[in-house]
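One structure is given here, and the rest of the page talks about it.
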There are 2 protein chains.
Amino acid sequence: METQLQQLIEHWPEEALSYRRVGAGEMLFRQGQPANAIYAIRSGSIRMERDLEDGSTVVLHTARAGETFAEAAFNASHYHCNAVAVSDSDVLVLASKVLNGETADLALHKLLNTILANQVRELRTLVSLRDIRGAEDRLLAWIQLQPQTRAGEIVISQTWTVIAQAIGLTRESVYRALSNLVRKRVIERSTAQSDDRTERLRLL
Amino acid sequence: METQLQQLIEHWPEEALSYRRVGAGEMLFRQGQPANAIYAIRSGSIRMERDLEDGSTVVLHTARAGETFAEAAFNASHYHCNAVAVSDSDVLVLASKVLNGETADLALHKLLNTILANQVRELRTLVSLRDIRGAEDRLLAWIQLQPQTRAGEIVISQTWTVIAQAIGLTRESVYRALSNLVRKRVIERSTAQSDDRTERLRLL
DNA sequence: CGAGGGGTTGAAGATGGTCAAAGGAGGTGG
DNA sequence: CCACCTCCTTTGACCATCTTCAACCCCTCG
């Protein structure tokens, strides 16, 4: 899907593309402002949060490098949440005006559809994963859903800390679950980190 | 969004629409079959599950009445999971062929985009909600995100059992959390069930 | 070289899950 | 109209599990 995002950017009319840097803590947009763009994060991370009547706020999502957000710009006239940079971030701004009107590009809409449909699929599996109570079972299910190489190995390209967040566990729980799975001979971890940095897993 | 789904169905060419009934346990489609339709559930519920190499299976999602699924039909040539009816179900079949080709309807694609974008938004907030560890905090956050009437009340149209599943808790935990929130005077529950069946909440 | 971050493991405590039990509402069949 | 059944609701008690806190290693980077 990284590839799909690339495609989207390439197909987007140049005149509707721009960059923007936001420092940590800075706001990219605010709740109530007119929504006129979709964003893609090149680096950093952005948190979306909704202000509530009582002054408190609820986090709706935290988008990381490689993700898009504010797709709501399609239908809503204004943003329904604040976008705050968690760390210094570099975002690509895709003006949504090119989507409206009779002359809008059909191919662009199709591309957008497939990207969104994929995202829906990923998110649903993420939610389902989190329905698995046990840490071991949850982690194992996640592992089993990762793509395998022809050699039957699974390449772990993120840090376990990040994976832990994704599947809704603390990193400690994940490490413990990993240890247990190895001890029970369910998986094997590539202790061989000779030259490359990436870890490899094998299901037994 | 129920409304949006209605719109989608109305805009869908009649010749590409059909119904299908599946009994509990029956399969709507199988992993590997050519993907040529999107589905909308009218009644019942359908579980999507992926078969793994080792013979086990992972649940990817359980779709309920009012939801659409298999949006992957946009880009994938074949289904990547099985769809099994959990209970007797009645589904609407939207043939995806009308989306391809040069003559495809732009308005239809736009509508699809907004529907998918909304779903992405909802799913992301669902995932974020599940990141909240405490049962009380989680439930409260969910409540605060529900729309309020002008009177400042929140109408609960689902059963708590269903809500519990949605936010990843057992119903017992939800009832306990509700009791606690009431006891702490954070919310008020409408004990007044005089004539209508729906419960009402009020934030204090 | 010191700081920071990822990785790893241990011990203790908190919290939600599970099991159990019971009341109420609605539906159905005799 | 009543018996019966199912599902939602509600609360208590106990237990398994995950989180928290803490400490340590190793590596990288400024």
Side-chain angles (χ1 to χ4, degrees), chain A residues 24 43-45 64-65 86-88 129-143 154-184 187-201, chain B residues 24 43-45 64-65 86-88 129-143 155-184 186-201:
Chain A
S43 70
S45 57
R64 277 175 241 285
V86 177
S87 55
D88 291 357
L129 266 185
R130 284 165 181 241
D131 281 335
I132 302 174
R133 308 276 181 207
E136 276 176 50
D137 293 343
R138 180 129 111 224
L139 180 60
L140 181 57
W142 179 87
I143 291 172
I154 292 154
V155 178
I156 306 298
S157 45
Q158 297 165 291
T159 67
W160 288 111
T161 304
V162 171
I163 293 168
Q165 283 187 344
I167 63 177
L169 293 170
T170 58
R171 62 171 185 290
E172 290 98 324
S173 292
V174 167
Y175 288 126
R176 271 187 263 272
L178 275 172
S179 306
N180 292 338
L181 289 175
V182 170
R183 192 168 311 123
K184 294 180 182 172
I187 62 170
E188 236 176 31
R189 296 181 69 179
S190 69
T191 39
Q193 74 285 55
S194 43
D195 49 338
D196 57 2
R197 219 74 308 273
T198 58
E199 177 167 349
R200 257 173 268 268
L201 256 48
Chain B
S43 70
S45 57
R64 276 176 243 285
V86 177
S87 54
D88 290 356
L129 266 186
R130 283 165 182 242
D131 280 335
I132 302 174
R133 309 275 183 205
E136 276 177 49
D137 293 343
R138 179 129 111 226
L139 179 61
L140 181 57
W142 179 87
I143 291 171
V155 178
I156 306 297
S157 45
Q158 297 163 291
T159 68
W160 288 112
T161 303
V162 171
I163 293 168
Q165 283 187 342
I167 63 178
L169 292 171
T170 58
R171 62 172 184 287
E172 290 98 326
S173 292
V174 167
Y175 288 125
R176 270 187 267 272
L178 275 172
S179 305
N180 292 337
L181 290 174
V182 169
R183 192 169 309 123
K184 294 180 183 173
V186 180
I187 62 170
E188 238 176 31
R189 297 181 69 178
S190 67
T191 38
Q193 74 285 52
S194 43
D195 50 338
D196 56 3
R197 218 76 307 275
T198 59
E199 176 166 351
R200 257 173 268 268
L201 256 48

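Values below: all heavy atoms of this structure, side chains included; hydrogens, waters and symmetry mates excluded. Each chain gets a letter, A, B and so on, in the order its sequence line appears, and its residues count up from 1.
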Please give, in whole Å, the distance from [N] [atom2] to [X] [atom1]?
X	N	atom1	atom2	result
A:Glu136	D:dT19	CD	C1'	16 Å
A:Gln165	C:dG5	CD	C1'	13 Å
B:Ile132	D:dT19	CD1	P	15 Å
B:Arg130	C:dT15	CZ	C1'	18 Å
B:Arg138	C:dG16	CZ	P	8 Å
B:Glu199	C:dA25	CD	P	14 Å
A:Trp160	C:dG6	CH2	C1'	13 Å
B:Asp131	C:dG16	CG	C1'	17 Å

Interatomic spacing from [atom1] in [X] to [atom2] in [Y] - rounded to 0.5 Å:
X	Y	atom1	atom2	answer
B:Leu169	B:Trp160	CG	CH2	11.5 Å
A:Leu139	A:Ile187	CG	CD1	6.5 Å
A:Leu178	A:Leu201	CG	CG	7.0 Å
A:Arg176	A:Glu136	CZ	CD	11.5 Å

I want to check one thing: is the phosphate of D:dT10, taken as OP1 and OP2, less than 4.0 Å away from some side-chain N or O of B:Arg189? yes
Just N and O in the side chain of A:Thr170: are any of them under 4.0 Å from OP1 or OP2 of D:dC18?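 Answer is no, no contact under 4.0 Å.
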For B:Arg133 and for A:Arg171, find the nucleotide of DNA chain C with the closest heavy atom, then tell me which residue's nucleotide is more 5'. A:Arg171
Is the side chain of B:Arg130 donor-acceptor paired with the backbone N or O of A:Gly168 at a distance under 3.5 Å, no angle test?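 The answer is no, because no donor-acceptor pair under 3.5 Å joins these two groups.
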Expected output: side-chain A:Arg200 to main-chain A:Glu188 donor-acceptor under 3.5 Å: no
Considering all heavy atoms of both residues, which atom of [X] and which atom of [Y] are nearest to each other, and what is their separation?
X	Y	value
B:Arg171	B:Thr161	CD-OG1, 3.7 Å
A:Ile163	A:Gln158	CG1-OE1, 3.7 Å
A:Ser87	A:Gly44	OG-CA, 3.7 Å

On DNA chain D, does the nearest nucleotide to A:Leu169 precede the nearest nucleotide to B:Thr161 from the 5' side, or the other way round? Give the residue. B:Thr161
If you take any heavy atom closer than 4.0 Å to DNA chain C, which residues from residues 173-183 of chain A end up in contact?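 A:Tyr175, A:Arg176, A:Ser179, in order of number.
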Decide yes or no, distance alone: a donor-acceptor N/O pair under 3.5 angstrom between the base of D:dC8 and the side-chain of B:Gln158. no
Check this for me: does the side-chain of B:Glu172 come within 3.5 Å of the base of C:dC19 through a donor and an acceptor? yes
Using five pairs at each end of the helix from C:dC1-D:dG30 to C:dG30-D:dC1 to define an axis, what is the angle between those two axes, to 10°? 50°
